[in-house]
There are 2 protein chains.
Amino acid sequence: MKVAAIGIQEVARAAGVSATTVSNVINGRDAKMRAETRDRVISAMKAMNYTPNALAQQFKSGQNKTIGLMVPSVASPFWGAVAHHVERAAHLRGYRVLIGNTTRDHSEEVRYGEMLLASGVRGVILGSAHVPFDHFRPLLDRGMQLASFGGRPAEGNDLLGASVSVDADLVGRLSAMHLLGLGHRRIAVLTGPIRSEAHMQRLAGIRSALASQGVELGEDLIWRAQNRGSSDDNEGLEQGRIGVRELLATPEPPTAIIAQNDIFAIGAYAGAADLGFSIPRDLSIVGFDDILFAAVLRPGLTTIRQSVPDMADGIVAVLVNQLSGKGDAHPHIRSTPELIVRGSTAPPGAANTRLASS
Amino acid sequence: MKVAAIGIQEVARAAGVSATTVSNVINGRDAKMRAETRDRVISAMKAMNYTPNALAQQFKSGQNKTIGLMVPSVASPFWGAVAHHVERAAHLRGYRVLIGNTTRDHSEEVRYGEMLLASGVRGVILGSAHVPFDHFRPLLDRGMQLASFGGRPAEGNDLLGASVSVDADLVGRLSAMHLLGLGHRRIAVLTGPIRSEAHMQRLAGIRSALASQGVELGEDLIWRAQNRGSSDDNEGLEQGRIGVRELLATPEPPTAIIAQNDIFAIGAYAGAADLGFSIPRDLSIVGFDDILFAAVLRPGLTTIRQSVPDMADGIVAVLVNQLSGKGDAHPHIRSTPELIVRGSTAPPGAANTRLASS
DNA sequence: ACACCCTTGTTTATCGATGCACCAAAAGCG
DNA sequence: CGCTTTTGGTGCATCGATAAACAAGGGTGT
């Protein structure tokens, strides 16, 4: 069963030096030996096809070149893309990525965090930050570095090592301004049960943009999904569908909808179609994230893009930096959102005439 | 910098026993001690909030409760879903999952495999199996177990520890039979550059189903994407779009298309729309995988579902079994595909009359 | 009464890489 | 020439958990 492991000892023997010298070669401490000796060791390593046992290195150093990534679900297009780019960025820096689907469940998050800590992982990137982070405090006390992708809570800043997020207020403004510019006045918001800081800020951005045109966002125009158990982020599809149907069934339905994200927006497409509403003629929809499918839908989804590759690379860079001890205290990377106009938004049309049908 | 680690020694001291006894408690060797002693140790562990250092355990045993997962890209809806369910299944069995995006590149696969091996990972699940597997032989020789998700090459069976795949021949048959049943006779195939065994079998299934009705699948009706560099599995979208346009621009365009997977199929929706073809009136489309979006598209995508949760759970179960030394030699799990009929397929319509427009 | 075994532990060696203390030989130096 | 310093290494302890070998006390069969 046991595989014949080629260790540093065997290499040392083959090269006629001590294990320490081989170790020095591996770690590039060239000043510690003659060039001739180093070459001899290197060729011995090559000949034996030797790779240092990473497990032993990590064990000895206590440092683990691995970062943990917690996302609601990698099956979600958005978080899947995040995972992809985080892995790429980490790989580039010699780090591995352990992935965990936590379905936004606090106890899952903690369990997974414990496992990571026990495995020597000291840096974790947290997708979809929850407010508050208090359940992570025990982990942090034991030396874990926490980085957040997509939000930083107003309170509990001290818990977070680093974070990257899009300017949520601006996201809200961009979506609202775009719709206002098209002439919409009755604008609804379709959102999930998540109450993160980012969500609040986005809502605030929407509100202030609307207010600048004298439009108010009444509570009746905010549809919030109920939280139901296994939030694997794809149920947004169904929630968006339900939400838009309820919004459109009101006496005075909105002419435009700002969706929590593209998944909700795509659900909204289906919900609107269920009621015979045509997009964008009867209803304009703005999403968020710009997932791959946004461009392929018919009509194309107007959405606010967050640059996942940049954000992923940024947060990984900062986290890796911190893990090697040279980071700032609490860096925050702010990414700029971008409005992508496609076919799902247009000036308000004949929505009122269609109302009777429902 | 160094975090005060609570080790087995500290617990032993606190409980007034030896480290070995604590180890025995951890590993449930209850017969080795009195119940009273065990309880004392357990409460000491609780009091000190002790977790065994997984790194040390792995280092000692050489066994690593981690499995590697190589997929073309987790950003792809299908592989994202696979990653999700593999992670769940592994987590359930106490395993972690290291993820790697290999973009179907051989040297990336090998590099990642080397990294895994150095980290003590002995079991790897390979998404989208490439033929042949020879580049993995050096890894296998050093004790790595390879499992394949989605295909098993005809040759090189000995390299593969385990595999799970859908009955590809049946997939082909199901798609073709469905279209034949609707009355289609001119059926095209839209496929990527990948030449895996599964693809061959699927094509064979299509061919034999068509042949049973006296229909032939000419080479002019098989559109193959060119391979271009970074195959991150989402370019299928663009490829499907291009492919369908080329197919529809021929003198005698097909009335139905079988796409390599749902991504290609969605691309085909866009391509058909580009040319003014309406689905399913002018063109029927059958996909493969049944990704989440298949149900949300307008019209819904008729597709062949592979049960990702079952397959993921199956392959993880087998692999974990093998890693603990009690597995069969080369088990293969075969999953049954299922035809999901939605709105993208219908009897052939007025396609010929539209032909002039292009 | 003596050999033998079972229970309930303890001591010791080990996995592979690494940091620290140490040391022999060569080189500099007044 | 006797002294220190530099060069180019070697040997040993160590990280935390664990398997193997061993031991002390008590019962048991003959």
Side-chain angles (χ1 to χ4, degrees), chain A residues 1-42 44-45 48-65 117-122 142-143, chain B residues 1-42 44-45 48-65 117-122 142-143:
Chain A
M1 277 300 125
K2 192 138 238 170
V3 183
I6 40 324
I8 205 170
Q9 291 293 350
E10 285 73 51
V11 177
R13 203 169 310 132
V17 295
S18 74
T20 301
T21 300
V22 178
S23 171
N24 284 334
V25 171
I26 295 170
N27 294 40
R29 276 181 276 273
D30 291 10
K32 287 276 181 185
M33 77 210 67
R34 251 173 306 168
E36 186 262 326
T37 310
R38 193 200 51 205
D39 294 346
R40 195 150 33 92
V41 172
I42 287 179
M45 298 199 302
M48 307 178 77
N49 208 338
Y50 164 78
T51 319
N53 183 330
L55 226 50
Q57 291 178 313
Q58 292 164 11
F59 167 59
K60 184 67 167 67
S61 68
Q63 283 285 343
N64 192 324
K65 275 191 174 284
L117 198 61
S119 307
V121 177
R122 297 269 298 268
R142 280 181 281 161
Chain B
M1 276 302 124
K2 191 136 238 170
V3 183
I6 33 346
I8 204 170
Q9 291 291 351
E10 285 72 51
V11 177
R13 203 170 310 132
V17 295
S18 75
T20 300
T21 300
V22 177
S23 171
N24 283 333
V25 171
I26 294 169
N27 294 44
R29 275 181 276 274
D30 292 12
K32 287 274 181 185
M33 76 211 71
R34 253 174 304 165
E36 186 260 327
T37 309
R38 195 199 51 205
D39 294 345
R40 194 149 34 90
V41 171
I42 286 179
M45 297 198 304
M48 308 178 76
N49 207 337
Y50 164 79
T51 319
N53 182 329
L55 225 50
Q57 291 178 314
Q58 292 165 11
F59 166 61
K60 183 67 167 70
S61 67
Q63 284 283 343
N64 191 324
K65 274 190 172 285
L117 199 60
S119 307
V121 175
R122 297 271 299 266
R142 282 182 279 161

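We name chains A, B, ... by the order of the sequence lines, and we start the count at 1 in each one. All values below come from the heavy atoms of this structure, side chains included, with hydrogens, waters and symmetry mates left out.
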- request: For B:Phe59 and for B:Glu36, locate the closest nucleotide of DNA chain C by heavy-atom distance; then report the residue assigned to the nucleotide nearer the 5' terminus.
  value: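 Here B:Glu36 is the residue nearer the 5' end.
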message: Any residue in residues 7-17 of chain B with a heavy atom nearer than 4.0 angstrom to DNA chain C? Just list them by number, or reply none.
response: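 Hits under 4.0 Å, by residue number: B:Val17.
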field: A:Tyr50 side chain reached by A:Ile26 side chain, heavy atoms, under 4.5 Å
entry: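 Result yes, sub-4.5 Å side-chain heavy-atom pair found.
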- prompt: Heavy-atom distance under 4.5 Å between the side chains of B:Val22 and B:Val17, does that happen here?
  reply: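 Yes - at least one pair of side-chain heavy atoms lies under 4.5 Å apart.
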With a 3.5 Å distance limit and no angle check, can you tell me whether [X] reaches the backbone of [Y] through a side-chain donor-acceptor pair?
X        : Y        : answer
B:Ser119 : B:Val121 : no
A:Glu10  : A:Gly7   : yes
A:Arg122 : A:Gln63  : no

query: Distance check: side-chain N/O of B:Gln57 vs OP1/OP2 of D:dG16, anything under 4.0 Å?
result: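 Checking B:Gln57 against D:dG16: no side-chain N or O falls below 4.0 Å of OP1 or OP2.
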query: D:dT10 phosphate, OP1 or OP2: any side-chain N/O from A:Thr21 under 4.0 angstrom?
result: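 Checking D:dT10 against A:Thr21, a side-chain N or O does come within under 4.0 Å of OP1 or OP2.
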Spacing of CD belonging to B:Gln57 relative to CG belonging to B:Asn64, to within rounding of 0.5 Å: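 Output value for this atom pair is 11.0 Å.
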task: Could you tell me the separation between the CZ atom of A:Arg34 and the CZ atom of A:Arg40, rounded to the nearest 0.5 Å?
output: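 Here the interatomic distance stands at 8.0 Å.
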- prompt: What's the CE-P distance between A:Met33 and D:dT10, to the nearest Å?
  reply: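 About 10 Å, once rounded to whole Å.
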task: Check the distance between D:dG9's C1' and A:Arg34's CZ and give it to me in whole angstrom.
output: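 It is 9 Å, rounded to the nearest whole Å.
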- prompt: Could you walk me through whether A:Met33 and A:Val41 pass the side-chain contact (heavy atoms from CB on, under 4.5 Å) check?
  reply: CA-CA 11 Å; A:Met33 77 210 67; A:Val41 172; 5.8 Å; no
- request: Can you see which heavy atom on B:Ala15 is nearest to which on B:Ala44, and at what distance?
  value: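 Closest heavy-atom pair between B:Ala15 and B:Ala44: CB-CB, 3.9 Å.
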message: One character per nucleotide, please: for nucleotides 19-28 of chain D, 5' to 3', B when the base has a protein heavy atom closer than 4.0 Å, S when only the sugar-phosphate does, - otherwise.
response: BB--------
message: Using the rule given for side-chain contact (heavy atoms from CB on, under 4.5 Å), can you reason through B:Val25 versus B:Ile42, listing the C-alpha separation, both sets of side-chain angles and the distance that settles it, and then say yes or no?
response: CA-CA 8 Å; B:Val25 171; B:Ile42 286 179; 3.8 Å; yes
field: Nucleotide range of DNA chain C lying under 4.0 Å from chain B heavy atoms
entry: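 It runs C:dT8 to C:dG16.
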message: Set out, in order, the CA-CA distance, both residues' side-chain angles and the distance that settles side-chain contact (heavy atoms from CB on, under 4.5 Å) for A:Leu55 and A:Gln58, then state yes or no.
response: CA-CA 5 Å; A:Leu55 226 50; A:Gln58 292 164 11; 4.2 Å; yes
